[in-house]
Amino acid sequence: MTCMKILLIQGHPDASQRHFCHALEAAYARGASEHGHTVCSVDVATLDFPLLRSQYEWEHGTLPSALVDAQEAIKWAEHLVLFFPLWLGDMPALLKGFLEQIARPGFAFCGDPPHGPASKGLAGRSARVVVTMGMPALIYRWYFRAHSIKSLERNILGFVGVAPVNETLIGMIGEMQPPSAEKWLARLEELGRQGN
């Protein structure tokens, strides 16, 4: 198996304490490092950046200095792994704000989509999205059609060329017992070994 450059993006917005998302990230990192993959990480909750408020700012503004290293890490990586809890049916606002800032014209894509095709600036990278939630994952996937995850995959990652994108949806976090948690951690460690 070829060793990869892997970027872990921790999207849990609460940096004041450790959550299961952090344990999943650590398990993935452990497996990846043990197998020889090169691992780098970005913790979105520790970055200080403003939210975008206009199309003009997105197209012509300057990337906040706090995000320069994160953007460079995405450019460096061959595989991205995003970790976040499902909040109100979607990714937390802080992670969405991070992605909006990072995925600027000239970096994530080039061209003018309304007037012609855009070139996908992050083509050649794959991704995995690891999402924790309070509801059963099957309910989210089949009843709610995993709508926000599909939107992330299609409208953000897919738009800039990241493919394939795989999912790990982990439900019933609030009621999870230690044996189930250990199984999920072992699963993430194995995914890390695989670089998947």
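No hydrogens, no waters, no symmetry mates; every other heavy atom, side chains included, goes into these values. Values in this document were obtained by computation on a predicted structure and should not be read as measured data.
Side-chain atoms of Met4 and Val39, non-hydrogen and from C-beta on, never get closer than 4.5 Å to each other. Looking only at side-chain heavy atoms (C-beta outward), Ile102 and Leu67 come within less than 4.5 Å of each other. In this structure, the side chains of Val129 and Val165 come closer than 4.5 Å at one or more pairs of heavy atoms.
Side-chain N/O atoms of Ser33 and Tyr28 include no donor and acceptor closer than 3.5 Å.
Between the side chain of Arg125 and the main chain of Trp76, no donor-acceptor pair closer than 3.5 Å is present. A donor-acceptor pair under 3.5 Å is formed between the side chain of Trp58 and the backbone N or O of Ala103. Distance alone, capped at 3.5 Å, places no donor-acceptor pair between the Ser126 side chain and the Ala163 backbone. Of the possible polar contacts, none joining the His35 side chain to the Cys3 backbone as a donor-acceptor pair under 3.5 Å is found.
Val81 and Val44 sit in two unconnected hydrophobic clusters of ILVMFWY residues. Membership requires side-chain heavy atoms under 4.5 Å apart, directly or through other members. Connection of Leu191 to Ile170 is established within a shared hydrophobic cluster, with ILVMFWY side chains joined at heavy-atom distances below 4.5 Å, either directly or through further cluster members. Transitive grouping of hydrophobic side chains (ILVMFWY, heavy atoms separated by less than 4.5 Å) keeps Met91 and Trp87 in distinct clusters.
Under the rule for a ring pair (Phe, Tyr, Trp, His ring centres under 6.0 Å), the partners of His19 that lie at least two apart in sequence or sit in another chain are His12, His22. Partners of Glu57 by salt bridge (Lys or Arg N to Asp or Glu O under 4.0 Å), not counting sequence neighbours: none found.
A 6.0 Å sphere centred on CG of Asn155 holds more than 12 heavy atoms belonging to other residues, nucleotides or ligands. More than 12 non-hydrogen atoms from other residues, nucleotides or ligands lie less than 6.0 angstrom from NZ of Lys5. In this structure, Asp14 places its CG atom where more than 12 heavy-atom neighbours from other residues, nucleotides or ligands lie under 6.0 Å away. Within 6.0 Å of the CD atom in Gln17, the count of heavy atoms belonging to other residues, nucleotides or ligands exceeds 12.
In this structure, Glu59 does not pair ionically with Arg104, as no charged nitrogen and carboxylate oxygen lie closer than 4.0 Å.
Atom-to-atom distance recorded for Ile9:CD1 and Phe98:CZ is 5.0 Å, nearest 0.5 angstrom. Summarising the geometry, atom CG belonging to Leu7 is positioned 13.5 Å from atom NZ belonging to Lys75; distances are rounded to the nearest 0.5 Å.
Shown here for Leu47 and Ala66, the closest heavy-atom pair between the two residues is CD2-O, 3.7 Å.
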